[in-house]
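Source: prediction; values computed, not measured. We name chains A, B, ... by the order of the sequence lines, and we start the count at 1 in each one.
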Amino acid sequence: MIEARDLRVDLCGIELAHPVLNGSGTFDAIAAHDVFGDILLERFPFSAFVSKTITPEPRPGNPPPRLWEETDGVINSIGLPNKGLGGFLEKDLPRLAALPVPLIVSVMATSAEEFAGLVQAISERSEVAAIELNVSCPNVKSGLVVGESPDECASLVSALRVLTEKPLIVKLTPGADPVPVAMAAETSGADAFSLVNTLKASPLSPAGDGHWLGAVSGGLSGPTIKDLALAQVSAVADAVGLPVIGMGGVSSGADARSFLEAGASAVAVGTENFRDPEAGSRIARELEDLG
Amino acid sequence: MIEARDLRVDLCGIELAHPVLNGSGTFDAIAAHDVFGDILLERFPFSAFVSKTITPEPRPGNPPPRLWEETDGVINSIGLPNKGLGGFLEKDLPRLAALPVPLIVSVMATSAEEFAGLVQAISERSEVAAIELNVSCPNVKSGLVVGESPDECASLVSALRVLTEKPLIVKLTPGADPVPVAMAAETSGADAFSLVNTLKASPLSPAGDGHWLGAVSGGLSGPTIKDLALAQVSAVADAVGLPVIGMGGVSSGADARSFLEAGASAVAVGTENFRDPEAGSRIARELEDLG
Amino acid sequence: MPETALGDYTAPPFGRRPLQVVGSAASGAYRLVEVFDPSGVVPMAGQFYMLSAESEWPGSSGRPYLPRAFSVASVDVGADGVTLGFLVHAVGPGTQRIEEVGGGRAGSLLAVGPLGRGFAAPHEVAAGAKGAILIGGGIGVAPLALLRRNLIRLGVPSRVLLGYRDADNAGGLDLFDCSEIKLATDDGHAGHRGRVTDLLERLLAGDDRGSAVVYSCGPPAMLEAVRVMCEEAGVACQLALESPMGCGYGACFGCAVPLREGGYMRLCLDGPVVDGSTIARADAGAEVQ
Amino acid sequence: MPETALGDYTAPPFGRRPLQVVGSAASGAYRLVEVFDPSGVVPMAGQFYMLSAESEWPGSSGRPYLPRAFSVASVDVGADGVTLGFLVHAVGPGTQRIEEVGGGRAGSLLAVGPLGRGFAAPHEVAAGAKGAILIGGGIGVAPLALLRRNLIRLGVPSRVLLGYRDADNAGGLDLFDCSEIKLATDDGHAGHRGRVTDLLERLLAGDDRGSAVVYSCGPPAMLEAVRVMCEEAGVACQLALESPMGCGYGACFGCAVPLREGGYMRLCLDGPVVDGSTIARADAGAEVQ
Ligand SMILES: Cc1cc2nc3c(=O)[nH]c(=O)nc-3n(C[C@H](O)[C@H](O)[C@H](O)COP(=O)(O)OP(=O)(O)OC[C@H]3O[C@@H](n4cnc5c(N)ncnc54)[C@H](O)[C@@H]3O)c2cc1C
Ligand SMILES: Cc1cc2nc3c(=O)[nH]c(=O)nc-3n(C[C@H](O)[C@H](O)[C@H](O)COP(=O)(O)OP(=O)(O)OC[C@H]3O[C@@H](n4cnc5c(N)ncnc54)[C@H](O)[C@@H]3O)c2cc1C
Ligand SMILES: Cc1cc2nc3c(=O)[nH]c(=O)nc-3n(C[C@H](O)[C@H](O)[C@H](O)COP(=O)(O)O)c2cc1C
Ligand SMILES: Cc1cc2nc3c(=O)[nH]c(=O)nc-3n(C[C@H](O)[C@H](O)[C@H](O)COP(=O)(O)O)c2cc1C
Ligand code: FES
Ligand code: FES
């Protein structure tokens, strides 16, 4: 963990040692602990840990191949594999609670009722500092893309607001103009926003025999979406009075600074973690060196 | 022009020698004729020519810099410089009518009334084979992004449909899910769709002193958006019964084939024209060679 | 991670570190690239490293962007650290770039590892098993080279069957220092003309059957043939699988391989070496090569 | 495009064509890269080509993606075609890559051109003008080298003033075959210590004033100083401007330069050589270097 006094951030009352978080689903702190050992806890790369998105029931994820490599980015069709709420609370939460940083739990469901079930159960756990609502995952064939509709999003946030005192972070989707959605969610009681999630894309097989990904479509992430993410982060930060966690292609301190300058209060690192397990602390250090 | 018998396409009754058009605003046939001479007409790279978008009044375009180079792409903030309807009809149309291929005129306005004025005036000209409605340009600060709203788009198309018998091609924006917009436009009388237009993005200056583009934000195009465009083209082609002109990063025959396989009837080449003035015919030839 | 008689699990250093290239030599159609790792962590046979080049990564085509997985093929433990050998078959932009760094240009590779689960000793895989049959195809010979050395050190008898398509796709033979290798090539340029699994079939029909464990690495179709043969013969097998890996340490969930019981494993955590009995098929993951 | 006494406008071949690199030599801190163009089209001084490399474009950083504009610095007309010389100052990924292709590696450059509007003869610019003053800064000396040769051939007297920041940013002097060059350097390593515009100021205060046209190419701030000096002195000037060019033939509208009368020109069509009187400022376009 980095002790950089002037990098400290207050995110909805959560004190962060520096502004660099991980993007949901791009770092498995439990697996990394198993692989690298306790040094992971001593040098934990992020100032808060965002869990992979959990759903009410367990999900196996999508059939392989799940990754396509782009110039400067990746298209993934992972498909939210997770143990489901029960498995998460029982098996993962105790281990995540042992991390040296605040824990943010990302949740997603296909109806307001199911969302409510997730938020209620997680809200009871003192180990959890905040809840992120994934209303935008392009990998799962939910009938409803809440994050693309201001009305849907507002009614979801209103319904969940009364269930928890924990900060509710709404993760916006780049597939629609995020500004009206964010404004509606702000009015309904959201505490913060994170963006961008991945962009829907369908790579074809280089052999010319159809789609590459087992799930046909996936989500584009990495440096290739950075300037697009900056445009959206700056538009949302300008439009709302709430903190924004900016992400999309952050792979250096200079990138992180760009997002902060665009109006974000914190940044998240996603795809760059795959290239460098310590990307989070490197980026925080580079940010500090930039002054 | 390429005489490839099996590449012929019928696009809303317009016969095309091959399926490769240009994207609006990415090839100025008049300038190219001035520069390269009559050989341009003999070896015209596209099977139909799509004009740069014209607006009711003349526009100077945005302040420079207007281009930012990405890995495998470009962000432009050109800002639709054009002579306005009057100047277009008087100065450009006679020269475009002399091209050896059908002419498609792209128009954009900030209200249905202005759109109607454009469509009516152009509809009277027999030199014009079809009209493309640019409802999505991310470079111009119009209050209304018609292409992001099914209702807005449907009412615009209905209003214009009664004014012309020429095919109306709706150019969809990638900034929102294009499927509901396309379905609404189909019901209202559109004849074809073209997509994708550029994606909004805001590059920062590498010197760390703010935004790079004179207009702050621009539109991302080129190979970096290809897989994203393929996802949208295939979704729209699946959802509607009308022909689709696919574009976004097409720079080879293999790319063109990908779009055709995704359900497009024709493809358009944009940014690649900047690298190679003959890109259109090269891509058509490569497509032919692919069989 | 369990310890095995073939080596203890040692956690890799956290993060990505530059390792200096100290050697590079052609090995048939492959290249053996050697790096020096001052951390001194000794990998198990079957483990892998995620490698990328320090510069020109991505290369001229815009790819590679992600690091690439490489099995460790040789280990030389010295006083200051270990020398690790990787056998590289240049099949695409990533492997080409790694080969280039090795091939003359002084430089470093960025590495994360050792990662994943390695091979276990025969008696750990099947009670009573005393010998090993190693069967490799193509670049799949890499982890078997290290396994072979470790088995020799432990005094475990092993037979080695290696198969190649043709001379343009053969290499790594020099890593096996004993002459007891049986070769098979599709084009017949060396050894038996035909599949390396023909050789395995003969062995499994013979005496070794009851007392040996089969260890295999190679193309998916070969691994699947090996898995089925072993299952039918009632012989335990350990297969080193491939799957396109984005991170190598469990972060991306990209390396999914279907489990026999349903669902998927992350191959970078639960593999690359798996017991044949745990998977539905050995050719169901996405092909990497 | 008008014909001028300095050369006729000849349309470039349509499309992008590979031109073989036939020479490459350091020229101070720059490099003169020569290609052979069998089309035989002879460019005018001030015209440019859009160049890219046949391979490794984009380079390792992911850029360049678009071709880059280069003024033609020398022309050698032969029986089978013309040899074109480009003076390259490696300032970023595109210029570096072009320099590399020239620098030893045999290969070709992909070229579109000649493009744009070149310099006109003094009497075409201002009635009665008989002489020329060429003032260049940095890599801006490139088009002036060819202009100088053409003027000599036509018997038009000219004076040459060249300015450089320092030795690391100086080159191309060998392209001027006469000793009548006046130099200025910011660091004083050669010639006058100071701005090259100091030298122009002296000249304009002298006799040449009435009968000369000023031709200039260089960094925006220098061009703007030249423009203002000429305007104040009532001397006509032609300035070769820069602007980031995406295509070079009017397709992208990226190369906008503000006009004095309002609005923008496309520099690739209406320039790069413009009359000083047509623009509001010479440093208002986007800086390329
Ligand atoms: C555990 C493990 C150990 C390994 N050990 C070794 C070893 O010791 N030596 C060795 O040489 N190799 C080894 N490999 C294989 C090696 O990692 C792959 O060959 C390598 O990843 C290929 O990368 P590339 O860039 O060279 O080729 P790629 O371009 O990745 O091509 C490989 C295949 O990927 C597919 N592909 C094409 N385009 C794309 C794209 N855009 N995105 C995704 N996939 C695409 C194609 O089907 C192609 O055939 C190992 C792999 C694993 C998982
Ligand atoms: C008509 C004309 C003639 C020219 N003649 C010559 C000549 O004869 N010889 C010569 O050496 N040069 C010449 N130039 C200049 C040359 O074209 C530029 O120096 C070249 O385009 C720079 O490309 P680069 O890739 O090397 O550098 P770039 O990376 O393009 O850097 C150049 C500048 O562009 C900016 N930049 C940085 N990142 C980006 C980005 N992502 N996108 C866009 N801009 C960015 C920066 O401000 C940087 O300083 C000419 C230019 C013009 C317009
Ligand atoms: C492999 C992968 C898995 C992801 N899984 C999730 C997820 O479970 N929930 C979520 O909200 N976002 C998920 N994302 C999106 C990231 O959190 C992040 O929003 C996005 O990748 C953009 O950031 P980046 O460009 O830094 O990767 C995932 C991204 C990737 C690449
Ligand atoms: C410089 C530039 C100018 C453009 N101008 C227009 C325009 O005037 N009207 C329009 O509908 N699209 C315009 N576009 C979008 C293209 O027509 C096309 O939809 C987009 O660039 C995607 O294709 P590509 O990746 O092949 O460039 C422009 C694109 C570029 C790069
Ligand atoms: S390679 Fe990333 S989870 Fe296995
Ligand atoms: S450089 Fe493209 S229009 Fe001038």
With the side chain counted from C-beta on, respond yes when Pro45(A) and Phe14(C) share a heavy-atom pair under 4.5 Å apart, and no when they do not. yes

Heavy-atom pair of closest approach, residues Arg66(A) and Tyr264(C): NH2-CD1, 3.4 Å

Minimum heavy-atom distance between Pro60(A) and Gly263(C), given as atom pair plus value: CB-CA, 4.3 Å

Which residue out of Gly262(C), Gly250(C), Cys255(C) racks up the most heavy-atom pairs below 4.5 Å with chain A? Gly250(C)

Would you say that more than 12 heavy atoms from the other residues, nucleotides or ligands in this model lie under 6.0 Å from the CD of Gln20(C), or not? no

Is chain C contacted by the side chain of Pro58(A), its backbone, both, or neither, given a heavy-atom distance below 4.5 Å? neither

Interface check, chain A: of Gly248(C), Gly246(C), Ser52(C), most non-hydrogen pairs under 4.5 Å belong to Gly246(C)

Could you state the interatomic distance from CG (Leu115(C)) to CZ (Phe36(A)), rounded to the nearest 0.5 Å? 6.0 Å

Looking only at non-hydrogen atoms, find the nearest pair between Gly37(A) and Ala11(C) and report the distance. N-CB, 4.4 Å

Taking C-beta and beyond as the side chain, do Tyr249(C) and Phe27(A) meet within less than 4.5 Å on heavy atoms? yes

For Arg95(A), is the CZ atom crowded, meaning more than 12 foreign heavy atoms sit under 6.0 Å from it? yes

Side-chain donor/acceptor of Glu69(A) to backbone N/O of Pro64(C), under 3.5 Å: no

Side-chain heavy-atom pair Leu269(C), Val35(A) within 4.5 angstrom cut-off: yes

Counting distance only, does the side-chain N/O of Tyr65(C) pair as donor-acceptor with the main-chain N or O of Arg275(A) below 3.5 Å? no

Exceeds 12 heavy-atom contacts within 6.0 angstrom, atom CD of Glu57(A): no

Quick one: does Pro64(A)'s side chain get under 4.5 Å of Val257(C)'s, heavy atoms only? no

Does any non-hydrogen side-chain atom of Phe253(C) lie less than 4.5 Å from one of Asn62(A)? no

Can you see which heavy atom on Arg266(C) is nearest to which on Ala31(A), and at what distance? NH1-CB, 4.0 Å

Taking every non-hydrogen pair under 4.5 Å, which of Ala29(A), Ala279(A), Gly73(A) racks up the most with chain C? Gly73(A)

To the nearest 0.5 Å, what is the distance between CG (Leu66(C)) and OG1 (Thr271(A))? 8.0 Å

I'd like to know whether Asn76(A) forms a side-chain contact (heavy atoms from CB on, under 4.5 Å) with Cys252(C), so could you lay out the CA-CA distance, the side-chain angles of the two residues, the decisive distance to 0.1 Å, and finally the verdict. CA-CA 9 Å; Asn76(A) 87 80; Cys252(C) 75; over 6 Å; no

Check this for me, if you would: do Glu278(A) and Arg17(C) make a salt bridge, where the nitrogen-to-carboxylate-oxygen distance has to be below 4.0 angstrom? no

Within the 4.5 Å heavy-atom criterion, are Asn273(A) and Cys247(C) side-chain neighbours or not? no

To check you understand the geometry: which heavy-atom pair defines the closest contact between Phe274(A) and Pro67(C), and what is its length? O-CG, 3.8 Å

